[in-house]
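First the structure, in the form of structure tokens, and then the observations on it.
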Amino acid sequence: MPSFVQFLQNSGVYTAQNFMIVPRGGFNLVCLRDSKDVGLSYDRNRLLVEDVRLDDVERVAQEYIKTRFREQKGQERDDQLLRLRTALYATARPDGPARGLKVSPKDKGIPELKAVRGSTSIKLDVAILPRKDFTIAFKFLKHLDQSGNLINATRWTPDDVPWFLTKLNWTFGAQANIFFTAAEATWITVQKALGPKISRDVFRKEIVPFKVRGADLTCFLVGDYDAMDNEAAGEYLPDEQVFVVVDQGNPPVFDYGEAFIGVMAHEVGHFLHHKRNIPGSGHHNRSGILLSSGMESLSLDKQLVTDLNAW
């Protein structure tokens, strides 16, 4: 039976919900398995759907990765490019059982893409999303210890910011067409002994004033923080447009090495939810999805995409 599947994890194709996103002015990719004798049906005034042939693989893969990683270099970018090239070559074989489809928008809205063979049909609702861009500043805390020595409160440094952005831009860019650039990445110094865990009052009084006024959002890395029970490893302050993340993240909630960057993405998700002027915090009960009140991951779903960047 034909089926749609994503080429790369967390790439904006939500087949369990019959949904995918396509960025305005760009494209997304989806694999059609068991494609023999399958015809495609869609509104040609709103979508352009093309097979990725052997001669197209290198160009399409490079363009796809460049759009989502922007100028960020690194092993993760190289790995994703290799995964995508390998998958596209597998589906580009002339007599192969699967097809790689390049889906580009020609209009707005959420048109349907159907795959039909005989009396069997499957579909994807294709959300054509506008691009959103935000700037984010990163501030790394130094303060005095009990002996009056200046210490780094966090194990993270400005050198880690490219990795932060790579992860955030794949999480929100590839899945919801929302991208971030660094406004600033510097150390800040508080000439006081703040203790091993930063209290919420101290954070507001001593640290928040260091936020970058020209940035849309400022992230503070402070080591450890006395977060509220429902935000165990970080906190977003909507009145200040800042958030804080603890060094260890939240291992009980995030799997697969995502404990720290997952909390950062969680707090960025609160910021994006707040920017849409939607009531509430954005928490939900859909396990395994970012902003869940239970187990989380870096995955979005149709409802969360709708909340963060509706078409």
Side-chain angles (χ1 to χ4, degrees), residues 1-24 26-43 46-52 57 60-61 64-65 67-68 79-80 83-93 96-105 109-129 170-178 255-256 258 265 269 284-292 295-311:
M1 180 177 175
S3 61
F4 289 115
V5 296
Q6 61 185 356
F7 276 108
L8 297 175
Q9 186 178 14
N10 296 340
S11 58
V13 178
Y14 309 90
T15 52
Q17 298 175 299
N18 302 316
F19 177 73
M20 72 178 290
I21 72 109
V22 174
R24 289 185 198 169
F27 67 90
N28 205 353
L29 299 167
V30 63
C31 175
L32 176 61
R33 287 180 174 168
D34 188 17
S35 64
K36 185 178 180 181
D37 299 326
V38 172
L40 298 177
S41 174
Y42 57 93
D43 186 342
R46 304 175 75 186
L47 292 176
L48 173 64
V49 182
E50 304 168 280
D51 283 280
V52 180
V57 169
V60 169
Y64 182 95
I65 294 298
T67 300
R68 286 150 182 82
D79 289 347
Q80 289 285 55
R83 293 186 189 103
L84 182 57
R85 289 172 67 249
T86 302
L88 286 175
Y89 273 119
T91 59
R93 291 179 295 156
R99 296 163 64 182
L101 304 178
K102 177 185 177 186
V103 184
S104 307
I110 183 166
E112 288 184 351
L113 169 60
K114 289 185 177 181
V116 182
R117 182 168 64 199
S119 60
T120 300
S121 69
I122 57 174
K123 75 160 189 172
L124 290 173
D125 294 323
V126 182
I128 301 170
L129 296 185
W170 189 265
T171 299
F172 295 105
Q175 297 188 86
N177 207 25
I178 301 171
D255 291 332
Y256 309 118
E258 297 174 349
H284 56 78
N285 60 3
R286 303 186 303 280
S287 181
I289 303 300
L290 191 68
L291 288 179
S292 172
M295 292 296 294
E296 292 188 63
S297 73
L298 295 176
S299 298
L300 310 188
D301 64 1
K302 181 178 181 179
Q303 183 59 56
L304 190 52
V305 171
T306 304
D307 288 345
L308 302 184
N309 191 10
W311 47 91

Checklist outcome for this item: Closest non-hydrogen contact found for Ser292 with Asn285 is OG-C, 4.4 Å
Next on the checklist: Minimum heavy-atom separation for Pro105 and Ile128, please, with both atom names.
Outcome noted: CB-CG2, 3.5 Å
Item to check | Test log, rule side chain to side chain contact (heavy atoms under 4.5 Å, CB included), inputs Asn28 and Met20 | outcome: CA-CA 8 Å; Asn28 205 353; Met20 72 178 290; 3.7 Å; yes
Checklist entry - Please walk me through it: do Glu112 and Val126 pass side chain to side chain contact (heavy atoms under 4.5 Å, CB included)? => result CA-CA 6 Å; Glu112 288 184 351; Val126 182; over 6 Å; no
Checklist entry - Are Arg286 and Asp301 side-chain neighbours, meaning at least one heavy-atom pair lies under 4.5 Å? => result yes
Checklist outcome for this item: Paired with Thr91, the side-chain contact (heavy atoms from CB on, under 4.5 Å) test is passed by just one of Pro97, Ser35, Cys31, namely Cys31
Checklist outcome for this item: Here the gap from Phe7 atom CZ to Leu88 atom CG, rounded to the nearest 0.5 Å, amounts to 5.0 Å
Next on the checklist: Within this structure, what is the CG-CG distance for the pair Asn18 and Leu124, rounded to the nearest 0.5 Å?
Outcome noted: 6.5 Å
Checklist entry - To the nearest 0.5 Å, how far apart are CG in Leu113 and CG in Leu101? => result 7.0 Å
Item to check | Ring-face cation contact, Phe27 with Lys102, 6.0 Å cut, 45° max | outcome: yes
Item to check | Ile289 side chain reached by Leu304 side chain, heavy atoms, under 4.5 Å | outcome: yes
Checklist entry - Which atom names give the shortest non-hydrogen contact between Ala265 and Leu298, and what distance separates them? => result CB-CD2, 3.8 Å
Checklist entry - Are Val5 and Leu32 side-chain neighbours, meaning at least one heavy-atom pair lies under 4.5 Å? => result no
Next on the checklist: Using a 6.0 Å cut-off, check whether atom CZ of Arg33 has over 12 heavy atoms from anything other than its own residue.
Outcome noted: no
Item to check | Pair Asp34 + Arg117: basic N to acidic O under 4.0 Å | outcome: yes
Checklist entry - Is it the case that Arg85 places NZ or CZ above or below the six-membered ring of Tyr89, under 6.0 angstrom from the centre and within 45 degrees of the axis? => result no
Checklist entry - Of all heavy-atom pairs between Asn177 and Ile21, which one has the smallest distance, and what is that distance? => result N-CD1, 4.4 Å
Checklist entry - Rounded to the nearest 0.5 Å, how far does OG of Ser104 lie from CG of Leu47? => result 8.5 Å
Item to check | Non-hydrogen atoms of Arg68 and Trp170 that approach each other most closely | outcome: CB-CZ3, 4.0 Å
Next on the checklist: Determine whether Val13 and Phe4 satisfy the following criterion, side chain to side chain contact (heavy atoms under 4.5 Å, CB included), listing intermediate values before the conclusion.
Outcome noted: CA-CA 9 Å; Val13 178; Phe4 289 115; 5.5 Å; no
Checklist entry - Rounded to the nearest 0.5 Å, how far apart are CG of Asp37 and OG1 of Thr120? => result 12.0 Å
Checklist entry - So does Gln9 have more than 12 non-hydrogen atoms from other groups sitting under 6.0 Å from CD? => result no
Next on the checklist: How close do Phe172 and Leu290 get, counting heavy atoms only, and between which atoms?
Outcome noted: CZ-CD2, 3.7 Å
Checklist entry - For the side chain of Arg93 and the backbone of Ala90, is there at least one donor-acceptor N/O pair under 3.5 Å apart? => result yes
Next on the checklist: One pair to check against side chain to side chain contact (heavy atoms under 4.5 Å, CB included): Val60 and Leu29. What are the steps and the verdict?
Outcome noted: CA-CA 9 Å; Val60 169; Leu29 299 167; 3.9 Å; yes
Checklist outcome for this item: Rounding to 0.5 Å, atoms OH (Tyr64) and OG (Ser11) come to a distance of 4.0 Å
Item to check | Main-chain N/O of Lys114 paired to Ser41 side chain as donor or acceptor, under 3.5 Å | outcome: no
Checklist outcome for this item: Only residue of Val305, Asn309, Leu291, Asp307 satisfying side-chain contact (heavy atoms from CB on, under 4.5 Å) with Leu300 is Val305
Checklist entry - How about Leu129 and Arg24: do any of their side-chain heavy atoms sit closer than 4.5 Å? => result no
Checklist entry - Phe19 and side-chain contact (heavy atoms from CB on, under 4.5 Å): which partner among Lys302, Lys123, Gln303? => result Lys302
